[in-house]
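Just so it is clear: chains get the letters A, B, ... in the order the sequence lines come, proteins before strands, and each one is counted from 1.
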Amino acid sequence: MRIATWNINGIRARLDGAVQWASEVQPEVLCFQEIKIEDGLFPRAVFEDLGYNVETHGQKSFNGVALLSKLPFDEVSRGLPGDDSDQQARFIEGVFSIAGGAIRVASLYLPNGNPVGTEKYAYKFAWMDRLEAYARERLEAEEMFVLAGDYNVIPEDIDARYPEHWVGDALFQPETRARYRRLLNLGLTCAFRACSAEPGHYTFWDYQAGAWQRNNGIRIDHLLLSPLAADRLEGAQIDKRTRGWDKPSDHVPVMIELAV
DNA sequence: ATGGCTGCAGGATGCAGA
């Protein structure tokens with residue numbers, strides 16, 4: 001079972017590439033972030049033609065996440081629990097039946113948090129705290145699950161080409177990384193890091209200043225696995241080809257293979 | 001990087017992203 005996550009940076013602007021990629025790679029579950037569109041306007045038909053069931057949690061202009069699956073949805077839920085007043089569309093999850101049980105997959109878009117010290121920074125931390133509480137609950141239920149998405153967290157120095165450029169940035173603050181570690185320490189596994197300890201693997205390259213051409217990237221898109229999912233992990237890949245395509249997203253897809 | 005692109009809303013330019 002292949003599960004992929006991709007911050008698409010506007011599904012309308014990226015539709016051709018997204019469809020081409022999905023039809024080539026054929027993930028069973030595909031998580032999008034930053035669809036930047038309302039639910040009723042999401043181009044669901046082109047993905048349904050590829051065999052996907054489509055569920056979205058969209059928003060006009062900003063944010064927005066989607067979950068596409070070749071398996072039928074047993075359950076869908078929108079919004080990260082823990083704050084009913086949160087208006088930003090950053091979380092959608094689905095449950096799917098598999099041989100011998102079920103797997104839960106979430107598509108999440110963790111807040112950027114810049115500039116440091118502002119209300120956006122506080123919102124990022126509050127959101128991370130809610131995500132931790134959510135993960136703890138799901139772990140206590142001993143579920144098989146995958147939390148996939150744009151975490152806006154650079155976990156370690158080796159996850160940036162120039163870590164010194166990110167000192168003072170919300171993505172790389174000690175408090176940000178500490179919260180991310182807390183999440184892992186609950187018992188989650190970063191799929192990519194379980195498969196590779198190498199530096200130099202990135203999922204985002206800024207549009208500015210020739211960042212792609214200079215390989216000035218960061219690794220901020222992650223798939224975190226519960227123990228039952230990690231036990232079935234067979235591989236993880238970053239598909240950086242798409243960053244070289246015409247009109248690319250600034251993020252590239254990350255995917256895993258599970259023996260499911 | 002004190003931000004050099006990009007998408008989006010709206011109908012000019014400002015905001016958000018990372």
How far does the [atom1] atom of [N] sit from the matching atom of [M], given to the nearest Å?
N     : M      : atom1 : value
B:dC8 : B:dT2  : P     : 27 Å
B:dA1 : B:dA12 : C1'   : 27 Å
B:dC5 : B:dG11 : P     : 26 Å
B:dG3 : B:dG14 : P     : 15 Å
B:dG4 : B:dG10 : C1'   : 26 Å

Using only side-chain N and O atoms of [X], determine if any of them is under 4.0 Å from OP1 or OP2 of [N].
X        : N      : result
A:Arg214 : B:dG4  : no
A:Arg90  : B:dG17 : yes
A:Asn114 : B:dA18 : no
A:Tyr123 : B:dA16 : no
A:Asn9   : B:dC5  : no

Please state how far atom [atom1] in [X] lies from atom [atom2] in [N], giving the value in whole angstrom units.
X        : N      : atom1 : atom2 : answer
A:Asp206 : B:dG17 : CG    : C1'   : 9 Å
A:Lys120 : B:dA18 : NZ    : P     : 11 Å
A:Asn7   : B:dC8  : CG    : P     : 12 Å
A:Leu110 : B:dA18 : CG    : P     : 10 Å
A:Tyr207 : B:dC5  : OH    : P     : 13 Å
A:Lys36  : B:dC15 : NZ    : C1'   : 10 Å
A:Ile37  : B:dA16 : CD1   : C1'   : 18 Å
A:Gln88  : B:dC15 : CD    : P     : 16 Å

In terms of ring plane angle, is the pair A:Tyr202 and A:Trp205 parallel, tilted or perpendicular, where the classes change at 30° and 60°?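 Perpendicular, since the angle between the ring planes exceeds 60°.
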
For the pair [X] and [Y], find out whether any cationic side-chain nitrogen is under 4.0 Å from an anionic carboxylate oxygen.
X        : Y        : result
A:Asp157 : A:Arg177 : yes
A:Arg214 : A:Asp206 : no
A:Asp86  : A:Arg130 : yes

Base, sugar-phosphate alone, or nothing: which one does [X] contact when heavy atoms must sit under 4.0 Å apart?
X        : value
A:Tyr162 : nothing
A:Asp221 : nothing
A:Ala209 : base
A:Lys124 : nothing

Using atom names, set out every protein N or O paired with an N or O of nucleotides 10-12 of chain B below 3.5 Å, distance rounded to 0.1 Å.
none

Under 4.5 Å between any side-chain heavy atoms of A:Leu67 and A:Val29, yes or no? yes

Validation row: A:Arg12, A:Pro43 side chains within 4.5 angstrom (heavy atoms): no

Hydrophobic side-chain clustering at under 4.5 Å (ILVMFWY, transitive links): who's grouped with A:Phe47? Put none if nobody.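 A:Phe47 clusters with A:Trp6, A:Ile8, A:Ile11, A:Leu15, A:Val19, A:Trp21, A:Val25, A:Leu30, A:Phe32, A:Ile35, A:Ile37, A:Leu41, A:Phe42, A:Val46, A:Leu50, A:Tyr52, A:Val54, A:Leu68, A:Trp245, A:Met255.
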
Ignoring the backbone of A:Ala13, work out which of B:dA1, B:dC8, B:dC5 is nearest its side chain.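 Within the option list, the nearest is B:dC8.
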
Nucleotide of B:dA18, B:dA1, B:dA9 approaching A:Asn216 most closely (side-chain heavy atoms):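 Ranking B:dA18, B:dA1, B:dA9 by closest atom to the A:Asn216 side chain puts B:dA1 first.
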
Selection residues 54-75 of chain A - residue pairs positive for ring-ring contact (aromatic ring centres under 6.0 Å, His included), sequence neighbours left out: A:Phe73-A:Phe96

Sub-3.5 Å donor-acceptor pair from the side chain of A:Tyr180 to the main-chain atoms of A:Met128, do we have one? no

Okay, side chain of A:Glu28, backbone of A:Arg2: is any donor-acceptor separation there less than 3.5 Å? yes

In residues 237-253 of chain A, what residues come within less than 4.0 Å of DNA chain B, judged by heavy atoms? A:Lys247, A:His251

Let's see if you get this right: which residues in residues 164-175 of chain A place a heavy atom under 4.0 Å from DNA chain B? A:His165, A:Trp166, A:Leu171

If you assign A:Tyr109 and A:Gly10 each to the DNA chain B nucleotide with the nearest heavy atom, which residue ends up on the more 5' nucleotide?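 Its nucleotide being nearer the 5' end, the pick is A:Gly10.
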
Mapping A:Arg14 and A:Asp150 onto DNA chain B by nearest heavy atom, which one lands closer to the 5' end? A:Arg14

Would the number of heavy atoms belonging to other residues, nucleotides or ligands and lying under 6.0 Å from CD of A:Gln237 be above 12? no

Filter on side chain to side chain donor-acceptor pair (under 3.5 Å), then keep only pairs touching residues 74-85 of chain A, sequence neighbours left out; what's left?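 Pairs touching residues 74-85 of chain A that pass the test: A:Glu55-A:Arg78, A:Asp74-A:Ser97, A:Asp83-A:Ser85.
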
What verdict does the salt bridge (charged side-chain N to carboxylate O under 4.0 Å, His left out) test give for A:Glu93 and A:Arg104, after you've listed the backbone C-alpha separation in whole Å, the side-chain angles of each residue and the deciding distance to 0.1 Å? CA-CA 7 Å; A:Glu93 61 181 324; A:Arg104 180 185 300 270; 2.8 Å; yes

Show the numbers, then the answer: is there a salt bridge (charged side-chain N to carboxylate O under 4.0 Å, His left out) between A:Glu175 and A:Arg179? CA-CA 6 Å; A:Glu175 293 88 346; A:Arg179 275 182 168 77; over 6 Å; no

